[in-house]
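Values in this document were obtained by computation on a predicted structure and should not be read as measured data. Numbering of ligands and ligand atoms starts at 1, following listing order.
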Amino acid sequence: MKVTRSAFLRNAVLGLLSAGVLAACGSGAGTSEDVWKVGTEAGFPPFESVGDDGELVGFDIDLFNAIGEKSGKTIEFENLPFDSLIPALQGGTIDAAISGMTITEEREQTVDFSDPYFNAGLAIAVKEDTADIKTLDDLEGKKIAVQIGTTGADTANGVPDAEVTTFENAPLALQELSNGNVDAVINDAPATLDAIATGNIPGIDVVGELLTEESYGIAMPDGSENVETVNAALAEIKADGTYAELYRKWFGAEPPTE
Ligand code: ARG
């Protein structure tokens, strides 16, 4: 077999590259001690989404990067389906998840949460000018779209005779409503309001009162020794004005005073 010069060069270059990669791994530049792998489902603006250049952006992303800075850790985000975040924490493939995730009793059975970092709640969205849906009771027997694995999905599943369709992310559920294929979406109010305000999803409205009061927390594996570190960083971020700055950046308002 004749080895051409270019093939020889290519192999030589590939060999050098992989030697370099191996050397970089061995140098301790990014040992797992210094790196936190953080899972998020980045289809949930303004908390997390994929920016124009493929980078993850949003309030949660900025918040966790600030936590990393305070804790001396490099943060590596991983974009995962929402319903696989808790299994990934349990399996130890990620160190934490920040994803607008509500602290619930059920989730607390399997993971640990940081202190709450954001107050939210569920709201019903309908097509503009819908007169007959004001409360959860009004959704009986209706078609409801939700994001899989969410508190919104749990709430929809409790509505008698409702026909619940699940989607991989909230924007897809809201688009289904915008297209007129379902009667309502049950989703976190801040995310739905953002979709309306940005014009990302046309022709929909939020109705009535919030259905629930929920607090978001950062989830970590059960018994994780990082919980204290994360809480300490969060407290610092709130105290030194970083939290207020991020809140203004992503919500265009002052953060609520607790
Ligand atoms: N807060 C809701 C929950 O915990 C919805 C969160 C959805 N987050 C996301 N990144 N898609 O179930």
Kindly list each side-chain donor-acceptor pair under 3.5 angstrom involving residues 200-212, sequence neighbours excluded, with atom names and distances?
{"unit_1": "N200", "atom_1": "ND2", "unit_2": "T198", "atom_2": "OG1", "d": "3.2"}
{"unit_1": "T212", "atom_1": "OG1", "unit_2": "L122", "atom_2": "N", "d": "2.9"}
{"unit_1": "T212", "atom_1": "OG1", "unit_2": "E214", "atom_2": "OE2", "d": "2.9"}

task: Output yes when a side-chain donor or acceptor of Q147 lies under 3.5 Å from a complementary backbone atom of E168, and no otherwise.
output: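 Confirmed, Q147 side chain pairs with E168 backbone.
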message: Measuring only between side-chain heavy atoms, which start at C-beta, is T165 closer than 4.5 Å to I144?
response: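 No, every pair of side-chain atoms sits at 4.5 Å or beyond.
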Neighbouring protein residues of ligand 1 - any heavy atom closer than 4.0 Å: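 Contacts of ligand 1 under 4.0 Å: E41, F44, E48, F82, S99, G100, M101, T102, R107, Q147, T150, T151, D188, Y216.
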message: If the threshold is 4.0 Å, N to carboxylate O, is there a salt bridge linking D115 and K238?
response: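 The answer is no: the pair does not qualify as a salt bridge.
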query: With the threshold set at 4.0 Å, does a side-chain nitrogen-carboxylate oxygen contact exist between E163 and K142?
result: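 Salt bridge flag = no for K142 with E163.
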task: Measure up the Y243 and F59 rings against each other and bin them: parallel (under 30°), tilted (30 to 60°), perpendicular (over 60°).
output: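 If you compare the ring of Y243 with that of F59, the planes turn out perpendicular.
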